[in-house]
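The structure under discussion appears below in the form of structure tokens.
Note that the numbering runs from 1 along the sequence shown for the chain. Quick note: numbers below take in every heavy atom, side chains included, and nothing from hydrogens, waters or symmetry partners.
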Amino acid sequence: MSEIFKGIPEIKYEGPKSKNELAFKFYDADRVILGKKMSEHLPFAMAWWHNLCANGVDMFGRGTADKSFGAVPGTMEHAKAKVDAGFEFMKKMGIKYFCFHDVDLVPEADDIKETNRRLDEVTDYMLVKMKETGIKCLWGTANMFGNPRFMNGAGSTNSADVYAFAAAQVKKALELTVKLGGRGYVFWGGREGYETLLNTDVKFEQENIAYLMRMAVDYGRSIGFKGDFYIEPKPREPMTHQYDFDAATAAGFLRAHGLDKDFKLNIEANHATLAGHTFEHELRIAAINGMLGSIDANQGNPMLGWDTDCFPWDVVTATKAMYEIIKGGGLTGGFNFDAKTRRPSNTYADMFKGYILGMDTFALGLIKAAEIIEDGRLDKFVEERYSSFGSGIGKKIADRKTSLSELADYAAKLGKPELPGSGNEEGLEEIVNQILYS
């Protein structure tokens, strides 16, 4: 196989003072942070769809980037060329994982039997590359939103035939995930929602979605899948009302349908923005529900109201995200770059620079989050802020050993409580700034 990314070397760590655009400034894979190598804290993954498939097309114009990799798009030769390109890219970047949708890998045929045959062929080829390079699959999923048949959703569709087709895609995608040794399987509910209540049975649709997920768990376990299943919360877009709006909604859905033992959440930064939350908020909600699973690492443009999937560059957000991940016990999955270069960034070098930016951003976020934790002032403040629950009536509340009547009697004797004390938000943000920039 000839080299695809000619002139681009393996990307090395050169340190913060390097002026080399094709080098890491902060991501030093072997550097130990809080007792673990940086590469262990940050298991990065390449998104097959954006990096190898997205050519810059948008709703206003044709593509600007050549992702043919020397083959004719829409052919099995092209599918294998993407495999060659992907593994060369990951090897040069030092990335150990990839993520995929089924139709990212091969052109979809008119007959699902032919599509599945193509998937078998290309994944056989991928296994050879995986053995050669040691690169692994982080998670797989089925694209149940792109084809017109999914115009009303997959699990939430009004068509039993479409529902059955979605189940067939999930079955095959699970088989491929097991074949490739994937650590997780994601339900990205891209159209699991509705446009108007006037034509929608919400309860029936949600129950059907849950049934599809339960069947997936049962089948996955039966064929040896031992990893986590994930829901990826996503609000508004593309459906006006998405059933998986945010982490809290998704966690409630999983518990309501008895799926919480098998499912965790795959949190995407850009989706948090669309839901009106911060990235760190969604991570905290996932963690306190025992569902902190995996990350789609990107960021949105707050001036635009859709899913822009930019490579992350905001170190403040990355620091607060890594703080939540470390405090939450870490991920069972990893950091998949569900991000794409901007439309004018259309060269092969730009593909590498996008990943360098994202990996360096999270590496610096990890470094600074560890410094915040080691500094200890935030933890100390939070502990002191809730100290009234450490003794007396507060401890009885915390231990769940009181009653409304006892609390009412206590309040009557108290007369009037004092104000609960300063939240010190500005002071705490100053501590974060001090650690970030000093």
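For F44 and Y355, the gap between ring centers reaches or exceeds 6.0 Å. When ring centroids are compared, F335 and F362 come within the 6.0 Å threshold.
For the residue pair D296 / N336, a side-chain donor-acceptor distance below 3.5 Å is found, with atom types taken as modelled. With no hydrogens or angles considered, a side-chain donor-acceptor pair links E205 and Y243 at under 3.5 Å. Between the side chains of S68 and D66, at least one donor N or O sits under 3.5 Å from an acceptor N or O. Side-chain polar atoms of E108 and T115 form no donor-acceptor pair below 3.5 angstrom. Checked by atom type, the side-chain pair D84/Y125 shows a donor-acceptor distance below 3.5 Å.
Ring planes of F24 and Y27: perpendicular class, angle over 60° (limits at 30 and 60°). Using the six-membered ring where Trp is involved, F89 and F352 have ring planes that are tilted, between 30° and 60° apart. The aromatic rings of F69 and H78 sit parallel to each other, their planes meeting at less than 30°, with 60° as the upper class boundary. Taking the six-membered ring where tryptophan is involved, the planes of F311 and F337 are tilted, since the angle between them lies from 30° to 60°.
Between the side chain of D228 and the backbone N or O of G184, no donor-acceptor pair lies under 3.5 Å. Within the 3.5 Å criterion, the main-chain N or O of A23 finds a donor-acceptor partner in the side chain of K25. Here the side chain of T123 pairs a donor or acceptor atom with the backbone of D120 at under 3.5 angstrom. Between the side chain of E88 and the main chain of I4, a donor-acceptor pair closer than 3.5 Å is present. Here the side chain of H271 pairs no donor or acceptor atom with the backbone of E232 at under 3.5 angstrom. Although no hydrogens or angles enter the test, the distance criterion places no donor-acceptor pair under 3.5 Å between the side chain of K82 and the main chain of A85. Of the possible donor and acceptor atoms, none in the side chain of E268 sits under 3.5 Å from a partner among the backbone N and O of D338. Between the side chain of N270 and the backbone N or O of D309 there is at least one donor-acceptor pair closer than 3.5 Å. Put simply, the side chain of T64 never gets that close to the backbone of G56: no donor and acceptor are under 3.5 Å apart. Here the side chain of S222 pairs a donor or acceptor atom with the backbone of Y219 at under 3.5 angstrom.
In this structure, E282 and A247 approach most closely via the heavy-atom pair OE2-N, 2.8 Å. Across every non-hydrogen atom of D314 and Q299, the tightest pair is N-OE1, 3.1 Å. Contact record, A154 with A166: CB-CB, 3.8 Å, taken as the closest heavy-atom pair. Of all heavy-atom pairs spanning F100 and C137, the tightest one is CE2-SG, 3.8 Å. In terms of heavy-atom proximity, I8 sits nearest to E3 at O-OE2, 4.2 Å. The minimum heavy-atom distance between T308 and G300, with the atom names listed, is OG1-CA, 3.3 Å.
Figure legend: cation-pi geometry between R183 and Y97, with NZ or CZ positioned under 6.0 Å from the six-membered ring centre and within 45° of its axis.
Counting non-hydrogen atoms of other residues, nucleotides and ligands closer than 6.0 Å to CD of E21 gives a total of 12 or fewer. Other residues, nucleotides and ligands contribute more than 12 heavy atoms inside 6.0 Å of the NZ atom of K92. Counted within 6.0 Å of NZ on K179, heavy atoms from surrounding residues, nucleotides or ligands total more than 12; the atom is thus considered enclosed. Surrounding CD of E132 are more than 12 heavy atoms belonging to other residues, nucleotides or ligands, all under 6.0 Å away. No more than 12 heavy atoms of other residues, nucleotides or ligands sit less than 6.0 Å from atom CE of M151.
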Inset, instruction - Please lay out, stage by stage, how F145 and H101 fare under the test ring-ring contact (aromatic ring centres under 6.0 Å, His included). - result: CA-CA 11 Å; F145 51 88; H101 300 82; 5.7 Å; yes
Inset, instruction - Dump the intermediate steps for salt bridge (charged side-chain N to carboxylate O under 4.0 Å, His left out) on K320 and E324, then the final yes or no. - result: CA-CA 6 Å; K320 291 181 177 179; E324 296 298 332; over 6 Å; no
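In summary, E114 and R118 engage in a salt bridge, as defined by a charged side-chain N under 4.0 Å from a carboxylate O. Using a 4.0 Å cut-off between a side-chain N of Lys or Arg and a carboxylate O of Asp or Glu, R284 and E280 do not qualify as a salt bridge. By the 4.0 Å N-to-carboxylate-O rule, E425 lies too far from R385 to be salt-bridged with it.
With values rounded to the nearest 0.5 angstrom, L174 atom CG is found 5.5 Å from I223 atom CD1.
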